[in-house]
Amino acid sequence: MEYSLKMIKECAAFLHNKGIGKPLAGIVLGTGLGAFIHKIDIKITVPYNEIPNFPEATVEFHKGNLIYGLLNNVPVIAMQGRFHYYEGYTMQQVTFPVRVMKELGVQYLLLSNAAGGMNAAYKKGDLVLLTDHINEQPENPLRGLNDAAFGNRFVDMSSPYNKDLNNKILIAAKKLSIPVKEGIYVAVAGPNLETRAEYRHLRNMGADMVGMSTVPEVIVANHVGLPCAAISVITDECDPDNLQPVDIAEIIAVAGKADAKLSELFAEVIGGF
Ligand code: HPA
């Protein structure tokens, strides 16, 4: 096992010593989705590479920071950048920060990601609230010895996204007049984008959008009993019958354009906690 209660407690103790208190909400920000940080009255920024037992940063990942502060007086902890499986981390490493958040006392976890839209009704820049997911990644963060101190061996996934949180998000979206769709996310390993045949296959499986993250963190959040919700920003339209080439720079640019409304929405929801 590449994580243990001891490692998590060491990590939490280090963060407490840095002055991080008891955050109520944890936020994981997806690719190109960093604007939320500016909503926070930041008290403490800790680079990932200073945190004991955190995965070692890859070159791509040198900007990762854990950020603690207040949002409308609600203490929050945000991950500016997440660990992806395609970078070479194990699933235990990818999800380690979720376990640390739980240890710090986080009660709600909000995640965002950039995703390819396969549902024909989705357009670039749309926000889609996850109602469910399909795990097509080749590894599982719960594989290996199960320490009962964390949770069940066979985690129930009948309702992986917390219904109350999802309702809060939909109500906040309505209040702010931000359109939010709902859909099913499929997680793939990446890092390549999909072929036309793969998009067709994933769509036929019942997925509305596809991405390379979120599902491992959600599995672990369910393992430790941390209510979570997630929003995808649709960064490319994946119509297998009319597929246009897409590159990561474009994905990041589209995410950047939707970033403000996503941040507003998360801030509204957290302000109501
Ligand atoms: N596929 C997988 N991951 C993605 C995509 C996609 O089309 N767009 C953004 N992340």
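Atoms considered below: every heavy atom in the structure, side chains included; atoms not considered: hydrogens, waters and symmetry mates. Note that ligands are numbered from 1 as they come in the structure, with each ligand's atoms numbered from 1 the same way.
- Each of Ala114, Ala115, Gly116, Leu193, Glu194, Tyr199, Val210, Gly211, Met212, Thr235, Asp236, Cys238, Ile251 has a non-hydrogen atom positioned under 4.0 Å from some atom of ligand 1.
- The backbone N or O of Leu142 sits less than 3.5 Å from a side-chain atom of Arg153, completing a donor-acceptor pair.
- A side chain to side chain contact (heavy atoms under 4.5 Å, CB included) with Tyr161 is found for one member of Thr131, Asn222, Val218 and no other, namely Val218.
- Of the residues Leu165, Val98, Ile27, the one that meets the side chain to side chain contact (heavy atoms under 4.5 Å, CB included) test with Leu109 is Val98.
- Using modelled atom types, no side-chain atom of His133 and backbone atom of Ile184 make a donor-acceptor pair closer than 3.5 Å.
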Check step by step if salt bridge (Lys or Arg N to Asp or Glu O under 4.0 Å) holds for Arg99 and Glu103.
CA-CA 6 Å; Arg99 297 190 183 278; Glu103 181 67 24; over 6 Å; no
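- Applying the side-chain hydrogen bond (donor to acceptor under 3.5 Å, both in side chains) rule to Asp126 yields the partners Lys181; only residues at least two apart in sequence or on another chain are considered.
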